[in-house]
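This chain uses plain numbering: 1 for the first residue, then up along the sequence. In listed order, ligands and their atoms are each counted from 1.
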Amino acid sequence: MLSNTIFSVDLAQSIGTAGEFRKTVAEIMKEVATPNVADYFPVLKKLDPLGVRRRTAIHFSKILDVFHDLVSRRKKLGENTGSITNNDILDVLISKENREVMEGERIQRLSLDLFLAGIDTTTSTLEWAMAELLRNPRAMSKAKVELEKTIGRGKPVEGSDIAKLPYLQAILKETFRLHPAVPFLLPRKAEIDVELGGYTIPKGAQVLVNVWAIGRDASLWKNAEQFIPERFLDSEIDVKGRNFELTPFGAGRRLCPGYPLALRMLLLMLGSLVNCFDWKLEGGLKAEQMDMDDKFGITLEKAQPVVVVPYSRLHTVG
Ligand code: HEM
């Protein structure tokens with residue numbers, strides 16, 4: 001969905017073996033999240049003792065080459081036909097209005113940022129949402145009923161359906177509360193000494209905001225450890241950085257710029273998976289036996305992937 005939005009190309013299918021692109025992105029995320037001794041002792045930066053910089057550079061250049069190819073092909077097409085017609089983000093970036101700002105490698109670099117920020121975050125949120133629904137059959141069947149009543153059994157969700165699916169939206173918020181994809185947001189640095197809640201954060205200190213812990217804080221949330229989407233049905237709390245008890249996309253000026261796209265993609269994907277298929281855990285595993293441990297990197301992923309078998313809902317009755 002992301003590569004189609006930006007380039008009108010399905011990168012998951014089109015480079016080398018399927019999944020190679022995704023694998024390279026996952027490798028980059030792993031390297032970026034690895035504590036690197038050279039970050040704390042700058043004198044070691046050039047030596048790159050753990051090889052993080054060297055390996056990351058190789059991954060980056062692989063992806064940048066692909067983007068370079070896509071950008072130059074589109075530019076050539078524009079020159080040949082005199083018009084730009086894909087109506088995607090790339091069209092906007094290479095349009096006359098943006099030509100000066102987007103010179104040189106900037107389109108490729110910006111696209112790399114968007115892909116790195118947008119792939120693992122949305123994927124892991126979707127996996128956690130499915131895992132929670134499999135463990136909470138009551139929530140799963142409520143979601144199915146809402147989808148069936150609103151758009152009809154077995155149909156994929158479309159953009160115009162989203163506003164009519166409050167329970168599905170509540171499921172996503174509850175997933176963000178318990179499994180925020182970026183559990184410490186991105187590191188910040190205090191520009192001046194700051195007093196906060198009786199503590200002094202000294203100038204220059206690195207600040208990590210633990211949204212994972214805030215989401216499970218029993219003084220903020222009733223039955224904090226339980227998955228209860230209903231808590232959001234009559235609530236004003238949203239995920240757009242206005243309610244500090246739930247800020248999976250951060251808040252303020254550096255709020256995630258991809259959040260409208262992320263919410264839309266997630267609701268389309270989750271709603272379609274739930275409405276088009278019934279799901280069973282592989283190998284007869286019971287939902288309560290499912291491993292819900294997380295694996296911490298920049299993004300919070302499931303330590304053990306959810307392995308499920310889909311059964312089409314168009315062919316089942318009841
Ligand atoms: C579940 C999905 C996502 C989550 C949970 C998420 C979360 C975040 C968070 C927490 C930040 C840092 C905010 C801060 O430090 O205050 C961030 C930054 C960012 N996100 Fe997302 N994000 C998601 C999806 C996306 C998507 C789909 C895109 C773009 C296609 C995207 C693009 C970005 C970019 C470019 C930044 C850096 C912004 C800056 O530095 O000013 N994100 N995101």
Side-chain angles (χ1 to χ4, degrees), residues 1-12 21-22 25-26 28-29 32-33 60 63 67 70 88-90 92-93 101-102 106-132 159 162 168-191 201 205-215 237-271 273 294 296-302:
M1 284 173 101
L2 200 52
S3 64
N4 269 316
T5 306
I6 299 177
F7 293 124
S8 300
V9 169
D10 184 351
L11 284 176
F21 185 81
R22 170 86 177 78
V25 170
I28 293 175
M29 295 306 274
V32 178
F60 274 8
I63 295 187
F67 291 170
L70 288 167
D88 54 14
I89 294 184
L90 182 55
V92 178
L93 296 178
V101 192
M102 283 295 150
R106 285 190 186 163
I107 296 182
Q108 286 89 302
R109 296 277 167 183
L110 176 65
S111 306
L112 183 64
D113 270 1
L114 296 180
F115 275 85
L116 293 185
I119 294 186
D120 273 19
T121 45
T122 38
T123 316
S124 85
T125 305
L126 183 64
E127 189 177 19
W128 280 115
M130 284 297 286
E132 287 292 1
I162 289 176
L168 191 70
Q169 293 185 32
I171 288 173
L172 190 57
K173 283 185 187 172
E174 185 67 339
T175 306
F176 279 131
R177 180 182 73 81
L178 286 169
H179 311 286
V182 192
F184 290 124
L185 302 182
L186 295 184
R188 296 268 174 268
K189 196 165 161 183
E191 282 187 344
I201 299 164
Q206 194 179 61
V207 180
L208 301 172
V209 178
N210 191 343
V211 286
W212 186 90
I214 296 171
I237 294 178
D238 69 21
V239 290
K240 298 172 186 168
R242 291 187 285 244
N243 306 101
F244 290 157
E245 56 273 59
L246 191 66
T247 56
F249 295 101
R253 277 185 291 178
R254 298 304 287 266
L255 174 80
C256 170
Y259 86 81
L261 180 62
L263 291 178
R264 199 177 161 86
M265 289 199 295
L266 280 164
L267 291 164
L268 292 181
M269 289 189 283
L270 183 62
L273 290 180
D294 33 41
F296 174 65
I298 290 256
T299 46
L300 188 73
E301 294 183 21
K302 272 193 97 270

Test side-chain contact (heavy atoms from CB on, under 4.5 Å) applied to Ile89 and Leu110, Ile107, Thr5, Leu261, the passing residue:
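That would be Thr5.
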
Should you measure from each heavy atom of [X], which atoms of ligand 1 turn up under 4.0 Å away?
X: Arg254; value: 13 (C), 14 (C), 16 (O), 39 (C), 40 (O), 41 (O)
X: Ala181; value: 5 (C)
X: Thr125; value: 1 (C)
X: Leu186; value: 12 (C), 15 (O)
X: Leu2; value: 30 (C)
X: Phe176; value: 1 (C)
X: Arg188; value: 14 (C), 15 (O), 16 (O)
X: Pro248; value: 5 (C), 7 (C), 10 (C)

Could you tell me whether the side chain of Ser3 and the main chain of Val9 form a donor-acceptor pair under 3.5 Å?
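Side chain of Ser3 to backbone of Val9: a pair is present.
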
For Glu132 and Thr175, indicate whether the former's side chain and the latter's backbone hold a donor-acceptor pair under 3.5 Å.
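A pair under 3.5 Å: no.
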
Does ligand 1 have any atom sitting under 4.0 Å from a heavy atom of Leu185?
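Yes, Leu185 has heavy atoms under 4.0 Å from ligand 1.
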
For a quick test of reading the model, state the closest non-hydrogen atom pair linking Leu266 to Thr122 and the distance between them.
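Closest approach of Leu266 to Thr122: CD2-O, 3.4 Å.
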
For Phe7 and Asp88, work out which heavy atoms get closest and say how close.
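Smallest interatomic distance, heavy atoms only, reads C-OD2, 3.2 Å.
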
Identify, with sequence neighbours excluded, every residue that meets ring pair (Phe, Tyr, Trp, His ring centres under 6.0 Å) alongside Phe60.
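Scan of Phe60 (ring pair (Phe, Tyr, Trp, His ring centres under 6.0 Å), adjacent residues dropped) gives none.
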
Listing, residues 205-212 side-chain donor-acceptor contacts under 3.5 Å, not counting sequence neighbours, or none:
from   : atom 1 : to     : atom 2 : distance (Å)
Asn210 : OD1    : Trp212 : N      : 3.3
Asn210 : OD1    : Ala213 : N      : 2.9

Sort by chain and number the protein N/O/S atoms that are closer than 2.8 Å to atom 21 (Fe) of ligand 1, and list them.
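The answer, once waters are left aside, is Cys256 SG.
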
Ignoring hydrogens and geometry beyond distance, is a side-chain donor-acceptor pair present between Glu127 and His179 at under 3.5 Å?
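Glu127 vs His179: no donor-acceptor pair found between side chains.
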
I'd like to know if Asp113 pairs up with Arg109 as an ion pair, taking the criterion as any Lys NZ or Arg NE/NH1/NH2 lying under 4.0 Å from an Asp or Glu carboxylate oxygen.
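Salt bridge: no.
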
Sequence neighbours left out, what passes side-chain contact (heavy atoms from CB on, under 4.5 Å) with Glu245? Give chain and number order.
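Residues passing side-chain contact (heavy atoms from CB on, under 4.5 Å) with Glu245: Leu220, Trp221, Ile237, Asn243.
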
